[in-house]
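Step one of this worksheet: look at the structure below.
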There are 2 protein chains.
Amino acid sequence: MPIFVFPTICDYMKEYVNQPHYLVAVDCIVFGFDDGQLKILLVKRGLEPEINKWSLMGGFVGAEETPDEAANRVLKKLTGLEGVYLELLNIYGEPDRDPIERTLSVGYFALIDIHKYETQLIDNYHAEWFPINEIPKLIFDHNRMVAEARKKLKFKASLHPILFEMLPKKFTIPQLQTLFEQVNDTKMDTGNFSRKVTSTGLLIRLEEKDKSNSKKGAYYFKLNKKSYAESFNDLLSL
Amino acid sequence: MPIFVFPTICDYMKEYVNQPHYLVAVDCIVFGFDDGQLKILLVKRGLEPEINKWSLMGGFVGAEETPDEAANRVLKKLTGLEGVYLELLNIYGEPDRDPIERTLSVGYFALIDIHKYETQLIDNYHAEWFPINEIPKLIFDHNRMVAEARKKLKFKASLHPILFEMLPKKFTIPQLQTLFEQVNDTKMDTGNFSRKVTSTGLLIRLEEKDKSNSKKGAYYFKLNKKSYAESFNDLLSL
DNA sequence: TTTATTAATTGTCACTATTACAATTAATAA
DNA sequence: TTATTAATTGTAATAGTGACAATTAATAAA
């Protein structure tokens, strides 16, 4: 008599049927950069429970879509933007994280150019940009999500040129440095930063200058899309 | 008349109820190192559909556990090991990835010391270690999971000292180098590798030597747990 | 006992990257 | 014309990397 008995098809089907089923949601931590500050986008919840509390933007994963697609859909609906930089952050699955019913949430972090945001939507969805150091108390485990997203952004940005996702097409090196310093919570030597960043071949200097911050003015740069793509190929992976 | 009408509590509850519910599973890509080869652990499926096909080890997320806990449970059951190195890989949520019923799978990759594996379980679960370059056709999207896990391991190992998770307590530098080369699919200068790895302060040299591969013999080393922990604190994040 | 052998380890040196900080530049406004 | 100031470039000491040569410590053959 065999010690291990293979289940039959019926056993197999039963195994599926007997398993609990859960709601699956996505939540997006959306980063933007404006006015020399790193910010994230929050929405004021218009539903019970936790009505009028701030939360991340999220939604349920529909029957015909992957979690990735759900996250893109939510972002499109709440920011008007498509094709934004989006990356899996973590999965949040504490059995009681949602008081109504067990819901697993797939957390994504998104980087957007804050100036492309459709400001009309701010009103529609009671949304607001919060400086990263002034995040209020959020619902459920959303504060934990934000904390993990910050860590991931910092780590990621040290290896991949993703910060450009948050900058406009034309940007200056001091601007890039400020964003970098915000993300990494540090200060850098301006000379060394400038040289390092230009030596990568990732940037193309334009003729125009931004004179809003100094008399000399800082040259505008744009991304070298070609080498940007190549460095992504080198580093991609995750 | 307001343009945007807040849903009532009833709307809110209905929103939950109307949403589809899914099965949620975990799948583990288990790496080990033996005989100079990087390997992964596969099980022969004893159930329809896809009976007798090779697959990753997995299971459903139970009602009282997080996906992390489910992955640990599955690993404990199928390897006998607890507290193994385990990290989220990705979430796999194509609506039709499982032909029986929609199932979202949370992929984890695990690193274990292959010699601690309870070999009895190999028989119980029809499991087998496969060299990384000889992985057979797997069920569902499991080959994709393996490919992504390899990429992640390579990337991860370039930043974190995680390879030690796959080595025994006592190991030699040539051993470590072979593992490193397998993971990165490359060759390194032995001298430079040795110096670099010892200069980190991560290793403590023992008196004993391994003379199985050379007449001179290679010193055994063990991990400096203290600086190992510290470097983890520095780099953690993900 | 001596010598040849071989993987493991250490030495060397040219080359590149990093860092701190000093000097210069290009505009503006007094 | 000159003072001012952020932006940019210069410089030099230091540290890290990589290729390759030399040495070492054991074993086994002569």
Side-chain angles (χ1 to χ4, degrees), chain A residues 33 35-37 157-161 163 167-168 170-182 184-222 224 227 231 234-235, chain B residues 33 35-37 157-161 163-164 167-168 170-222 224 227 231 234-235:
Chain A
F33 181 64
D35 195 25
Q37 283 202 300
S158 69
L159 298 166
H160 301 232
L163 295 185
L167 290 173
K170 289 187 320 189
F171 53 87
T172 66
I173 296 203
Q175 242 183 318
L176 178 58
Q177 181 173 354
T178 303
L179 173 54
F180 184 91
E181 290 177 343
Q182 287 267 319
N184 289 89
D185 198 21
T186 186
K187 284 282 175 192
M188 305 215 64
D189 177 273
T190 53
N192 292 338
F193 184 87
S194 170
R195 235 174 328 211
K196 189 162 190 175
V197 96
T198 49
S199 74
T200 60
L202 227 59
L203 305 186
I204 295 169
R205 198 173 83 176
L206 307 178
E207 288 310 307
E208 195 184 354
K209 277 186 166 186
D210 168 28
K211 291 182 185 149
S212 60
N213 292 300
S214 74
K215 292 158 187 178
K216 180 177 177 182
Y219 281 108
Y220 277 116
F221 287 78
K222 66 175 182 179
N224 182 341
S227 61
S231 75
D234 290 350
L235 297 166
Chain B
F33 181 64
D35 195 25
Q37 283 202 299
S158 68
L159 297 166
H160 302 232
L163 295 185
F164 302 108
L167 290 172
K170 290 187 320 189
F171 53 86
T172 66
I173 296 204
Q175 241 182 321
L176 178 58
Q177 181 172 354
T178 303
L179 173 54
F180 184 92
E181 290 177 343
Q182 287 266 320
V183 167
N184 289 88
D185 197 23
T186 186
K187 285 282 175 193
M188 305 216 66
D189 178 273
T190 53
N192 293 337
F193 184 86
S194 171
R195 234 171 330 208
K196 190 162 191 175
V197 96
T198 49
S199 73
T200 61
L202 227 59
L203 305 186
I204 296 169
R205 198 173 83 175
L206 307 178
E207 288 309 307
E208 195 185 354
K209 277 185 165 186
D210 168 28
K211 291 181 185 148
S212 61
N213 292 300
S214 75
K215 292 159 186 176
K216 180 177 178 183
Y219 281 108
Y220 277 116
F221 287 78
K222 66 174 182 179
N224 181 340
S227 60
S231 75
D234 290 350
L235 297 165

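To find a chain, count down the sequence lines: A is the first, B the second, and so on, and within it residues start at 1.
D:dA25 atom C1' lies 9 Å from atom NZ of B:Lys211, rounded to whole Å. Taking atom NZ on B:Lys209 and atom P on D:dT24, their separation rounds to 13 Å, with Å as the unit. Across the protein-nucleic acid pair, B:Asn213 atom CG and D:dA26 atom C1' stand 14 Å apart, rounded to whole Å. Residue B:Phe221 contributes atom CZ, which lies 12 Å from atom P of C:dA8 at whole-angstrom precision. Counting to the nearest Å, the C1' atom of C:dA26 and the OH atom of A:Tyr219 are 8 Å from each other. Here D:dA25 presents its P atom at 18 Å from CD of B:Glu208, a figure rounded to the nearest Å. Rounded to a whole Å, the NZ atom of B:Lys196 is 20 Å from the P atom of C:dA8. Following rounding to the nearest Å, A:Tyr220 (OH) and D:dA7 (C1') show an atom-to-atom distance of 14 Å.
Within a 6.0 Å radius of CG in A:Asp185, no more than 12 heavy atoms belonging to other residues, nucleotides or ligands are found.
The side-chain heavy atoms of B:Lys187 and B:Glu181, taken from C-beta on, include a pair separated by under 4.5 Å. Between B:Phe33 and B:Leu163, every side-chain heavy-atom pair lies at or beyond the 4.5 Å cut-off. Within the 4.5 Å cutoff, the side chain of A:Ile173 has no heavy atoms near those of the A:Tyr219 side chain.
Distance CZ/A:Phe221 to OG1/A:Thr198: 6.5 Å, rounded to 0.5 Å.
Across all strands shown, the partner of D:dA26 is C:dT5, judged by Watson-Crick or G-U wobble contacts whose two distances both fall under 3.5 Å. Taking a pair to require two hydrogen-bonding distances under 3.5 Å in either a Watson-Crick or a G-U wobble arrangement, D:dC20 pairs with C:dG11. Remark: C:dA30 base-pairs with D:dT1. Criterion, Watson-Crick or G-U wobble with two distances under 3.5 Å.
Applying a 4.0 Å cut-off to non-hydrogen atoms, the residues of residues 187-194 of chain B that approach DNA chain D are B:Asp189, B:Asn192, listed by residue number.
The phosphate of C:dT9 has neither OP1 nor OP2 within less than 4.0 Å of any side-chain N or O from B:Lys216. Taking 4.0 angstrom as the limit, A:Lys215 places none of its side-chain polar atoms (N or O) nearer than this to OP1 or OP2 of D:dA7.
Using a distance-only test at 3.5 Å, with no hydrogens or angles considered, no donor-acceptor pair links the side chain of B:Gln177 to the main chain of B:Ser194. The closest donor-acceptor contact from the side chain of B:Asp35 to the backbone of B:Gln37 lies at 3.5 Å or more, if one exists at all.
Both A:Arg195 and A:Ser214 sit near DNA chain D, but only A:Ser214 has its closest nucleotide nearer the 5' end.
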